[in-house]
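First comes the structure, then the notes that go with it.
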Protein chains: 2
Amino acid sequence: MRLSTKGRYAVTAMLDLALNGQDGPVTLADISENQGISLSYLEQLFAALRAKKLVRGVRGPGGGYFLGREADEISIANIICAVDEWVEFTRCQGKQDCRGGQRCLTHSLWDDLSRQIYDFLEEITLADLVERGRNSDAGCDKHKADHLVDEMTGKAA
Amino acid sequence: MRLSTKGRYAVTAMLDLALNGQDGPVTLADISENQGISLSYLEQLFAALRAKKLVRGVRGPGGGYFLGREADEISIANIICAVDEWVEFTRCQGKQDCRGGQRCLTHSLWDDLSRQIYDFLEEITLADLVERGRNSDAGCDKHKADHLVDEMTGKAA
DNA sequence: ATTATAACACAGTAAATTACTAGGGAATTA
DNA sequence: TAATTCCCTAGTAATTTACTGTGTTATAAT
């Protein structure tokens, strides 16, 4: 599993579609404006999403993008895998020697963990996130985010 | 949250420590050998792990590294955050305008998701993984199976 | 038909990150 | 004293990220 800012761009863009795609397609220009991502980079990301049928494009004036299927049928794992190109888990899988050594065990453990992370993200759909956003008054909870950052960086005791 | 091969290197290295650090310290040279990571790159990673007190170094002959605390007190999130340097979640946190617009909502949703992923990885400790490895006879079964398949299909001479 | 719109496509590129090499030092043990 | 191992810094090739630029094609409105 791989989770980077590129994956975040894809997820937020798809969220944008899920939120605004009810009445007509959403243009990449809109998403670019909303999310602060360059238009051409979005086109690159959407080429990958399109290839996995996660979005459907409509050309011409009044065109734009729709979700490729219902929001509750699109998992976060789907989105991230589409743009973040799956990386092989371990090195010893193919050629390498793996005669019951330490290396193989740690790699096997990593595979298990990686699988767990994937399963976790597979369970969360775009619809889940949208629904969650509706329930919490959310908006721009800056303090919550700050607190989270503090926790990560070990500043908060 | 950010999850890359760098994070994987750190986690597998820490697993190596957890598995082999029972009777004496483990040298980076050993880990380098076991995991197939360059020594100097490991030193770079361990500088970060050391800074977060996740490992403790012992110099001189017979030296090496110990876990900084018990394996059940070290979460996967701890490890990944140590080496993968936390990235800011959204762009609208500081300066940017955030007047309840679409942008802010999607970013807030991403924050929620990011939080969930963190909490998930915070719950899994090194000890959990080691324990899991002990229960499953694991080892190299997958590779044994692969080899079997290869034999069947005549790939292996 | 013409024109504007927007997806679609591809090439190039600056910046950042990854993973590594090189060359030392400092602490510790034999 | 010598070997070992952590520790530190600087440099760097390869890759990825994120973006710019320049188009072409499909469609809708005029």
Side-chain angles (χ1 to χ4, degrees), chain A residues 2-13 16-17 20-21 24-68 80 82-88 91, chain B residues 1-13 16-17 20-21 24-33 35-68 80 82-88 91:
Chain A
R2 184 125 154 272
L3 188 50
S4 61
T5 53
K6 192 178 178 184
R8 188 188 75 199
Y9 280 157
V11 171
T12 50
D16 208 315
L17 274 194
N20 298 326
V26 183
T27 67
L28 291 188
D30 286 341
I31 298 177
S32 172
E33 174 98 2
N34 286 342
Q35 306 301 325
I37 313 171
S38 91
L39 180 59
S40 279
Y41 193 40
L42 271 177
E43 285 180 337
Q44 198 173 303
L45 295 178
F46 271 71
L49 295 171
R50 210 170 46 228
K52 294 284 170 63
K53 312 245 184 196
L54 294 178
V55 296
R56 180 170 50 89
V58 176
R59 303 220 255 199
Y65 277 99
F66 286 107
L67 291 181
I80 290 171
V83 298
D84 250 339
E85 214 58 48
W86 199 257
V87 287
E88 72 180 48
R91 291 185 169 178
Chain B
M1 198 73 217
R2 184 123 156 274
L3 186 50
S4 63
T5 55
K6 192 178 179 185
R8 189 189 73 200
Y9 279 156
V11 171
T12 53
D16 208 315
L17 274 194
N20 298 325
V26 182
T27 67
L28 291 188
D30 286 340
I31 298 177
S32 173
E33 175 98 1
Q35 305 301 326
I37 313 171
S38 92
L39 181 58
S40 277
Y41 193 40
L42 270 177
E43 285 178 337
Q44 200 173 302
L45 294 179
F46 271 70
L49 295 172
R50 212 171 43 231
K52 292 284 169 64
K53 311 245 186 199
L54 295 178
V55 296
R56 180 169 50 89
V58 177
R59 302 219 256 199
Y65 276 99
F66 287 107
L67 291 181
I80 289 172
V83 298
D84 250 340
E85 215 57 47
W86 197 254
V87 287
E88 72 179 50
R91 292 188 166 175

* Asked: Between D:dT17, C:dT18, D:dC7, which nucleotide gets closest to the side-chain atoms of A:Ser4?
  -> D:dT17
* Asked: So do B:Asp30 and B:Asp16 actually touch side chain to side chain, heavy atoms under 4.5 Å?
  -> no
* To do: Take atom CG of B:Leu3 and atom P of D:dT16, then tell me their distance rounded to the nearest Å.
  => 16 Å
* Calculate the interatomic distance between A:Ile37 atom CD1 and D:dA18 atom P; express it in whole Å. => 9 Å
* Contact under 4.0 Å: B:Arg8 side-chain N or O vs C:dA19 OP1/OP2 -> no
* Would you kindly give the CG-to-P distance between A:Leu42 and D:dT20, to the nearest whole Å? => 11 Å
* Geometric class of the A:Tyr65/A:Phe46 ring pair [parallel <30°, tilted 30-60°, perpendicular >60°] -> tilted
* Rounded to the nearest 0.5 Å, what's the gap from CZ on A:Arg56 to CG on A:Leu17? Could you check? => 11.0 Å
* OP1 or OP2 of C:dA9 under 4.0 Å from side-chain N/O of A:Arg50 -> yes
* Quick one: are A:Asn20 and A:Asn34 in side-chain contact, heavy atoms under 4.5 Å? -> yes
* To do: Would you please test A:Asp84 and A:Lys6 for side-chain contact (heavy atoms from CB on, under 4.5 Å) and show each step?
  => CA-CA 7 Å; A:Asp84 250 339; A:Lys6 192 178 178 184; 4.0 Å; yes
* Below 4.0 Å: OP1/OP2 of C:dT18 and any side-chain N or O of B:Arg2 -> yes
* Asked: Taking atom P of D:dA26 as reference, at what distance in whole Å does atom CZ of A:Arg56 sit?
  -> 18 Å
* Nearest listed nucleotide, side chain of B:Lys6, among C:dA19, D:dC6, D:dT16 -> C:dA19
* Base, backbone or nothing for each nucleotide of nucleotides 21-30 of chain C, written B, S, -, heavy atoms under 4.0 angstrom, 5' to 3'? -> BB---BBBB-
* Which pair of non-hydrogen atoms, one from B:Ala82 and one from B:Leu54, has the smallest distance, and what is that distance? -> CB-CD1, 3.9 Å
* To do: Quick one: label B:Phe46 by what it contacts on the DNA or RNA (base, sugar-phosphate, nothing), any heavy atom closer than 4.0 Å.
  => nothing
* Asked: How close or far is atom P of D:dT17 from atom CG of B:Asp84, stated in whole angstroms?
  -> 13 Å
* To do: For the pair B:Ser32 (side chain) and B:Ser38 (backbone), establish whether a donor and an acceptor sit closer than 3.5 Å, ignoring hydrogens and angles.
  => no
* What integer distance in Å separates A:Leu49:CG from C:dA7:P? -> 13 Å
* Round to a whole Å and report the spacing from OH of B:Tyr9 to P of C:dT17. => 18 Å
